[in-house]
Student: 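Sharing a structure here in structure tokens format.
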There are 2 protein chains.
Amino acid sequence: MAAKRASQPRRSVWLTPEPTTRGRRGAERGSGAGHLDREKIIATAVRLLDEQGDAKFTMRALATELDVTPMSVYWYIANKDDLMELALDAVAGEIELPDPAAGRDWREDLRSLALAWRRTMVAHPWAIRSYGEYLNIGPQSMQFSACAQAVIARSPLPEAERPAALSAVFQYVYGFTSMESRWLEYGKEAGRTADEFLEEVAGSIAQSPEIAAGGGLMERHSGHSLGEMRDRDFDRALDWLIAGMCAGLSD
Amino acid sequence: MAAKRASQPRRSVWLTPEPTTRGRRGAERGSGAGHLDREKIIATAVRLLDEQGDAKFTMRALATELDVTPMSVYWYIANKDDLMELALDAVAGEIELPDPAAGRDWREDLRSLALAWRRTMVAHPWAIRSYGEYLNIGPQSMQFSACAQAVIARSPLPEAERPAALSAVFQYVYGFTSMESRWLEYGKEAGRTADEFLEEVAGSIAQSPEIAAGGGLMERHSGHSLGEMRDRDFDRALDWLIAGMCAGLSD
DNA sequence: ACCTGAACACCGTTCAAGT
DNA sequence: ACCTGAACACCGTTCAAGT
């Protein structure tokens, strides 16, 4: 992906003037099964990506699923990169946003925003990879980031610090979630649970002469599943970050 | 990449029993130019990846660069995934590790470790994408992580907390660096500096009706370049994280 | 032991043509 | 306006063959 053809650097779908004429009437025409339109294509793409992973997601497979020739899709969507951006924004719309009227503490809202983002990304592991590749400035992504900005605006942080604070939180969440998804996928590929797979890798590493069983990495489950520990670690690091950025503030 | 063929899930190179016989003598044979060996292939791969990006990096291009038929490479390396893992571990070897004998504060060493990691990844933008895909358990990567563990072991954190603390730091660094690399690459692809490109995107977004110029994202340069601000934000977030995890400790 | 040539089973996408 | 068919220019990789 990502502009094999170096001649003309690809612009984000969201920065491309809308092709107005193309595929704009699917909705009005009645959603009789056979008909193609942008939304149906995107929804199908998301479903296939979820079911089979991005490695197996091809324009040809998508067309087959839509009962159509590969090139039909191109009437509605310019190229695969655009489609990925569209699909990504679609799942961004699934992120549960906290109700601003609920009057909760901003820290709580920030944490639940982070958790909602993580949940959605883990539910669509291909999405986080795409998130790293594209600009993520579609309407749903922008709504999410507007919500995050509204939350941080309720913090006692000086206005000039807020963007950096928000970036820090979501860079962390992105990093955490990337790793988490990858382990889950590795496990799935290997036909094991993530726990089993981690255990297996740790075992192989322990035998290697390079690292003298340096401790760490593993051997820290005492009754809790890896999943529970992941959740706890996620929360803890968020607390650290938030506590750190609030240190020395009046509130 | 990543196991298109779902039949047999790929194992990491590092978990594969070494093929001992293959390509093991390049060094002894004298490094006369024409000869192929594992190390030469890896070094050339890294160079091509650096020069042209991973999108253009193909086994065929690599073979051409090595003045050889595409299939020659396969005598030494099983497949492209393995090669990527090998290349990734090679650049991991470039990360500057702090001298443990220097007697610096553990926080300082942790920060410089994070910065060194970030620098190396930004110098090889393809590497951070690979880092998200593979297991990263090669010898050089393990040496890095052993060093990080040694640093955190000098902290006053209780032993049980250390792995989580280390994870949190490097998850953040990974997230930060992913975004940073991506912006730099976007700028390069568009033939602009990262600053110009960000400016351009921000301009386009501001015009969109979706987001009512929510503020944030931009308009926060006061004499400093974006690069300087990035560096400062990176340091700040690390400080927050470290301060947060040390809060309530005796030291 | 090492390297080649030809081929296979794919990709995304262009382009001219159909209805 | 919408969809198709054939083709192009690629991929990674297998397999049998050369030296």
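Chain identifiers are assigned alphabetically (A, B, ...) following the order of the sequence lines, protein sequences preceding nucleic acid strands; residue numbering begins at 1 within each chain.
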Student: Report the distance from atom CZ of B:R60 to atom C1' of C:dC8, rounded to the nearest whole Å.
Tutor: 11 Å

Student: Tell me whether the OP1 or OP2 atom of D:dT4 has a side-chain N or O from A:S72 closer than 4.0 Å.
Tutor: yes

Student: Hey, does the side chain of B:S12 reach the backbone of B:W14 with a donor-acceptor pair shorter than 3.5 angstrom?
Tutor: yes

Student: Among D:dC2, C:dT13, C:dA6, find the nucleotide with the atom closest to the side chain of A:Y76.
Tutor: D:dC2

Student: Nearest whole angstrom, please: distance from the P of D:dA17 to the CE of B:M71.
Tutor: 16 Å

Student: Quick one: which of D:dC11, C:dC2, C:dG12 gets closest to the side chain of A:M59?
Tutor: C:dG12

Student: Whole-Å distance between C:dA1 P and B:R38 CZ?
Tutor: 17 Å

Student: Could you work out which one of D:dA7, D:dT14, D:dG12 sits closest to the side chain of B:Y74?
Tutor: D:dG12

Student: In this structure, how many angstroms lie between the C1' atom of C:dA1 and the CG atom of B:L36, rounded?
Tutor: 13 Å

Student: Is the distance between the ring centroids of B:Y131 and B:F170 under 6.0 Å?
Tutor: no

Student: Choosing from C:dG5, C:dA1, C:dT13, which nucleotide comes nearest the side chain of B:W75?
Tutor: C:dA1

Student: To the nearest Å, how far apart are B:K80 NZ and D:dT14 P?
Tutor: 15 Å

Student: Please state how far atom CG in A:D54 lies from atom P in C:dC11, giving the value in whole angstrom units.
Tutor: 14 Å

Student: Are B:S72 and B:L36 packed together at the side-chain level, in the sense that at least one heavy-atom pair is separated by less than 4.5 angstrom?
Tutor: yes

Student: In whole angstrom, what separates A:M84's CE from C:dG12's P?
Tutor: 11 Å

Student: Measure the shortest side-chain to side-chain distance between A:E200 and A:Y186 over non-hydrogen atoms and say whether it is less than 4.5 angstrom.
Tutor: no

Student: With both distances under 3.5 Å as the test, what is the Watson-Crick or G-U wobble partner of C:dG12?
Tutor: D:dC8

Student: Among D:dC11, C:dT13, C:dT4, which nucleotide has an atom closest to any side-chain atom of B:T58?
Tutor: D:dC11

Student: Could you please name the option among C:dT13, D:dT13, D:dG5 that lies closest to any side-chain atom of A:T69?
Tutor: D:dG5

Student: Please confirm whether the backbone N or O of B:G187 pairs with a side-chain atom of B:R192, one donor and one acceptor, at under 3.5 Å?
Tutor: no

Student: In whole angstroms, how far is the P atom of C:dC2 from the CG atom of B:L66?
Tutor: 16 Å

Student: Should C:dA1 form a Watson-Crick or G-U wobble pair with both distances under 3.5 Å, which nucleotide is its partner?
Tutor: D:dT19

